[in-house]
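Below is one structure, written out as structure tokens; comments come after it.
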2 protein chains.
Amino acid sequence: MNTLSYGLLSLLAQSSFSGYDLMLRIQPFWPAKHSQIYPLLAKLEQGDYISVELVTQRDKPDKKVYSLTGKGRDALKDWFDQPTADPALRDEMMLKVFCMSYAKPASARKMLADRLAFHEEQRKKYESKLVELKARADWPAAGLPKPSHPLFGAYLLTHKAIMSNETNTEWCRWALSLLPAED
Amino acid sequence: MNTLSYGLLSLLAQSSFSGYDLMLRIQPFWPAKHSQIYPLLAKLEQGDYISVELVTQRDKPDKKVYSLTGKGRDALKDWFDQPTADPALRDEMMLKVFCMSYAKPASARKMLADRLAFHEEQRKKYESKLVELKARADWPAAGLPKPSHPLFGAYLLTHKAIMSNETNTEWCRWALSLLPAED
DNA sequence: TTTATATATGTAAATATAGACATATAGAAC
DNA sequence: GTTCTATATGTCTATATTTACATATATAAA
């Protein structure tokens, strides 16, 4: 049971999902390819942490929908009380920034402009997600969601993503403002 | 030549470092253990991207100091013009937040409080680094550093780290404010 | 009709990363 | 003197992760 396994269980605590869905949804927090997800789901199912159900679809290929079992729920609760690893960020851009004085000004500007666009796009994505979340969750219009609500975690994380992307956007703009506008 | 290799070259573009130093300095941008760094440095030296010099020390064990070669410098410049991978964040805490409605309130509070302390500590660390950097770099007291300055990249990255840690601190406080103060 | 894309699931091989094992020097604390 | 920590370098094994290979269905576009 590694971190990715617990991550899959964590997503399944909110709702049942297919392997494909889980793969898409876990990306922002723990990037993983489908080739890593599918074998893990098979193991988790063998270990009785999750159960499977084949769902036939008309407009799309059939899928396997996974659900958390009682044993999975227990594993999740135990996991929560264990020490949490520090976040690990791997960013090629930051490594490039180190030797930016070596780069052609045009290259540096392009790199930062690309990253700026990335963060602006991400921010939009998560703001849509927040609207969608509010519609689904129907917590008090004026008030705040309660920690007991199943979507409370998703609400916190969506806000976190928006805040991070705003800050990173701001940094990109600032960095670009320090570079000469032309070669 | 993977990303970590370029990262090591990137650090060596600023100044010569020992393997141990490189290992410590690359952590914030590309976490790696010494067991990964040392063999890579041997490969890079074999490939003539870097050169080694044995330096004897009185107060500490002797060390190997690596320097960027002409070939290394060229590789670095080529790398800069290649497309940059998106940042990859892996954070166990975020996965735990998903299923926070399942956790004991005390566990959730502790997790967020620990993370808050982590970001506050990191912020202090990078603020000290910024002071140190300004002392070393001696750019115009009132003005801003020039992109051609060897420490320009480090200056940008230190600011980025401070900004990110501030935002994450703010998020932790906000999340804690939504949780009940007692069980 | 062929082509592309999204959905959907799987395996095999290569690479990257972490953890354990190993050794050694010097300073500080006890 | 013993123990702990930081510095310093290395290897070996296990695990995690990516890339490539494989297949299939349904929709939309060209």
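Letters go in sequence order (proteins before strands), and every chain restarts at 1. In this text the structure is predicted, and so the values were computed from the model without any measurement.
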Tabulate below the donor-acceptor pairs under 3.5 Å that side-chain atoms of residues 125-132 of chain A make, not counting sequence neighbours, or state none.
{"unit_1": "A:Glu127", "atom_1": "OE2", "unit_2": "A:Arg123", "atom_2": "NE", "d": "3.3"}
{"unit_1": "A:Glu127", "atom_1": "OE2", "unit_2": "A:Arg123", "atom_2": "NH2", "d": "3.3"}
{"unit_1": "A:Ser128", "atom_1": "OG", "unit_2": "A:Lys124", "atom_2": "O", "d": "3.1"}

Side-chain donor/acceptor pairs under 3.5 Å, residues 82-101 of chain B, sequence neighbours excluded:
{"unit_1": "B:Thr84", "atom_1": "OG1", "unit_2": "A:Lys96", "atom_2": "NZ", "d": "2.9"}
{"unit_1": "B:Arg90", "atom_1": "NE", "unit_2": "A:Pro31", "atom_2": "O", "d": "3.4"}
{"unit_1": "B:Arg90", "atom_1": "NH2", "unit_2": "A:Pro31", "atom_2": "O", "d": "2.7"}
{"unit_1": "B:Asp91", "atom_1": "OD1", "unit_2": "B:Met93", "atom_2": "N", "d": "2.9"}
{"unit_1": "B:Asp91", "atom_1": "OD1", "unit_2": "B:Arg115", "atom_2": "NH1", "d": "3.4"}
{"unit_1": "B:Asp91", "atom_1": "OD1", "unit_2": "B:Arg115", "atom_2": "NH2", "d": "3.0"}
{"unit_1": "B:Asp91", "atom_1": "OD2", "unit_2": "B:Arg115", "atom_2": "NH1", "d": "2.9"}
{"unit_1": "B:Glu92", "atom_1": "OE1", "unit_2": "A:Ala85", "atom_2": "N", "d": "2.8"}
{"unit_1": "B:Glu92", "atom_1": "OE2", "unit_2": "A:Trp79", "atom_2": "NE1", "d": "2.8"}
{"unit_1": "B:Lys96", "atom_1": "NZ", "unit_2": "A:Trp79", "atom_2": "O", "d": "3.1"}
{"unit_1": "B:Lys96", "atom_1": "NZ", "unit_2": "A:Gln82", "atom_2": "O", "d": "2.8"}
{"unit_1": "B:Lys96", "atom_1": "NZ", "unit_2": "A:Thr84", "atom_2": "OG1", "d": "2.9"}

Cut-off 3.5 Å, no hydrogens considered: what does the side-chain donor-acceptor table look like for residues 155-163 of chain A, sequence neighbours left out?
{"unit_1": "A:Thr158", "atom_1": "OG1", "unit_2": "A:Ala154", "atom_2": "O", "d": "2.7"}
{"unit_1": "A:Lys160", "atom_1": "NZ", "unit_2": "B:Asn168", "atom_2": "OD1", "d": "3.4"}

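Residue side chain A:Ser35 reaches the base of D:dT19 through a donor-acceptor N/O pair under 3.5 Å, judged by distance alone.
For A:Thr3 and A:His34, each mapped to the nucleotide of DNA chain D holding its nearest heavy atom, the one lying further toward the 5' end belongs to A:Thr3.
In this structure, CG of B:Leu54 is placed 9 Å from P of D:dT9, rounded to the nearest angstrom. A straight line from CE of A:Met1 to C1' of D:dT15 spans 16 Å, rounded to a whole angstrom. The nearest whole Å value for the distance from the CD1 atom in A:Ile37 to the P atom in D:dA16 is 13 Å. In this structure, CG of A:Leu40 is placed 8 Å from P of D:dA16, rounded to the nearest angstrom.
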Per-nucleotide protein contact string for nucleotides 25-30 of chain D (B base, S sugar-phosphate only, - none; heavy atom under 4.0 Å): BSS---
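In the set D:dT11, D:dT17, D:dA6, the nucleotide with an atom closest to the side chain of A:Trp30 is D:dT17.
Less than 4.0 Å separates DNA chain C from no heavy atom of any residue of residues 78-95 of chain B.
At a threshold of 4.0 angstrom between heavy atoms, the contacts of B:Lys63 are confined to the sugar-phosphate backbone, with no base atom among them. Residue B:Ala42 is classed as having no contact, given no heavy-atom separation below 4.0 Å to the nucleic acid.
The pair B:Glu53-B:Lys63 does not count as a salt bridge, with every side-chain nitrogen at least 4.0 angstrom from each carboxylate oxygen. With respect to the salt-bridge test (charged N to carboxylate O, under 4.0 angstrom), the residues A:Asp114 and A:Lys110 qualify.
Bounding nucleotides for the chain B contact on DNA chain C, 5' to 3', at a heavy-atom distance below 4.0 Å, are C:dA16 to C:dG27.
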